[in-house]
**Student:** 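One structure coming up, written as structure tokens, with questions to follow.
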Amino acid sequence: MNSPLSKPSLYRIEGGDLPLSGKAMLELMSAVLAKGRAFRFQARGWSMNPFIHDGDVIYVSPFQKKMPSVGEVVAYSQPTSEKLVVHRLVRRLGDKWLILGDNSVDAIGEQVPDSNLIGRVTRIERNSKKVWLGLGPERYLIALFSRTGRLMVVLTWIKQGFNRKL
Amino acid sequence: MDAQLNGVYSPSEDVVAREIEGEFIIVPLAAGIGNMEDELYSLNASGVTIWKLLDGKSSLKEISANLAGEYAAPLVEIEQDVLGLVSELLSRKMLVELTSV
């Protein structure tokens, strides 16, 4: 006979207090998206800077009937590591996608088959406020500059021009 | 909502529950999203044992009797614990009541 049961309890886990691996997050996200719901979580890392910052909260939604398209930010399972990654679709290459982080210094990226795509990023929040740039029509230009390796140059140029005006 | 000993319960369709990396994680979906930031729950070991027995077929009375056969604890005490946990899970819409037998 087993030792007595401890009192059963349900407890809440505070956001960020659960150090899940990328693989675990991927499993959880896939299960939520399979039910047709969005998945809200905190982004880690700077690979999508300046459009997604470390600590931003992002929403990933299932593709459903609308197929992924160039410029969209997607969550996918990295073919080499099977880890969860959130980057941008920048070019269609046969039956694969060329996917790049916006903060990449080159246009190499990685080629990912459709079957590895999990969902699309539909909302970004920073300090509880919606981030407006990165997911709208400007996504086509971002993808264009990104795949030619000129995104960071263009963004730096825009920033310098903006600063001069101030 | 209070659970009944003769009630039969199962996990709601509006919930994702997974045992991942040693942690039993419950993500409620009732608000339309799986919110890893603000709406994430877990159960302790006893809670997980009970959750896994909520199969939509067995009543809480039967589940409690099974647990009493396996664990060194009085049946009445186990029934109270099971009722307490199931009531809390019901109030958070993580379970649905299928029927009372």
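Because the structure is predicted, anything quoted here is derived from the model rather than measured. Note that these values count all heavy atoms, side chains included, but never hydrogens, waters or copies made by symmetry.
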**Student:** Does a sphere of radius 6.0 Å around NZ in A/K83 hold more than 12 heavy atoms from other residues, nucleotides or ligands, not counting ones at 6.0 Å or beyond?
**Tutor:** no
**Student:** Evaluate the criterion salt bridge (Lys or Arg N to Asp or Glu O under 4.0 Å) for residue pair A/R40 and B/E39; output intermediate values, then yes/no.
**Tutor:** CA-CA 10 Å; A/R40 181 177 186 263; B/E39 284 290 324; over 6 Å; no
**Student:** Which atom pair, heavy atoms only, marks the closest approach of B/I20 to A/A24?
**Tutor:** CG2-CB, 3.1 Å
**Student:** Is it the case that one hydrophobic cluster holds both A/L98 and A/V112, taking links as side-chain heavy atoms less than 4.5 Å apart, direct or via other members?
**Tutor:** no
**Student:** If we ignore hydrogens and angles and just use 3.5 Å, is the side chain of B/N44 paired with the main-chain N or O of A/S9 as donor and acceptor?
**Tutor:** yes
**Student:** At a 4.5 Å cut-off on heavy atoms, which part of B/E23 comes close to chain A: side chain, backbone, both, or neither?
**Tutor:** side chain
**Student:** Flag the one option from B/V48, B/I33, B/D14 with the top tally of heavy-atom pairs under 4.5 Å to chain A.
**Tutor:** B/I33
**Student:** Could you check whether B/E21 pairs with A/K23 (Lys NZ or Arg NE/NH1/NH2 to Asp/Glu carboxylate O, under 4.0 Å)?
**Tutor:** no
**Student:** Starting from the C-alpha separation in whole Å, work towards a yes-or-no answer on side-chain contact (heavy atoms from CB on, under 4.5 Å) for B/M36 and A/Q42.
**Tutor:** CA-CA 8 Å; B/M36 288 289 289; A/Q42 198 170 51; over 6 Å; no
**Student:** When rounded to the nearest 0.5 angstrom, what distance separates CD1 in B/I25 from CD in A/E27?
**Tutor:** 8.5 Å
**Student:** In terms of heavy-atom contacts, does CZ of A/R12 have more than 12 from other residues, nucleotides or ligands at under 6.0 Å?
**Tutor:** yes
**Student:** Is A/I118 linked to A/V32 within one hydrophobic cluster, defined over Ile, Leu, Val, Met, Phe, Trp and Tyr using a side-chain heavy-atom separation of less than 4.5 Å?
**Tutor:** yes
**Student:** Among B/V16, B/V27, B/L43, which residue has the highest count of heavy-atom pairs closer than 4.5 Å to chain A?
**Tutor:** B/L43
**Student:** Whether the side chain of B/S42 engages the backbone of A/Y11 through a donor-acceptor N/O pair (distance < 3.5 Å, no angle test) should be reported.
**Tutor:** no
**Student:** Which bit of A/M25 comes within less than 4.5 Å of chain B, counting heavy atoms only: side chain, backbone, both or neither?
**Tutor:** side chain
**Student:** If you group Ile, Leu, Val, Met, Phe, Trp and Tyr by side-chain heavy-atom gaps below 4.5 Å, do A/V85 and A/L151 land in one group?
**Tutor:** no
**Student:** Going from CG on A/L10 to CE on B/M94, what distance comes out if it is rounded to the nearest 0.5 angstrom?
**Tutor:** 5.0 Å
**Student:** When rounded to the nearest 0.5 angstrom, what is the spacing between CZ in A/R37 and CG in B/L29?
**Tutor:** 5.0 Å
**Student:** Pull out the residues in residues 46-70 of chain A that come under 4.5 Å of chain B, heavy atom to heavy atom, sorted by number.
**Tutor:** A/V57, A/Y59
**Student:** Let me check something: do A/V86 and A/L28 share a hydrophobic cluster, defined by ILVMFWY side-chain heavy atoms less than 4.5 Å apart, either directly or through other members?
**Tutor:** yes
**Student:** According to a hydrophobic-cluster definition based on side-chain heavy atoms being under 4.5 Å apart (Ile, Leu, Val, Met, Phe, Trp, Tyr only), do B/L85 and B/V82 belong together?
**Tutor:** yes
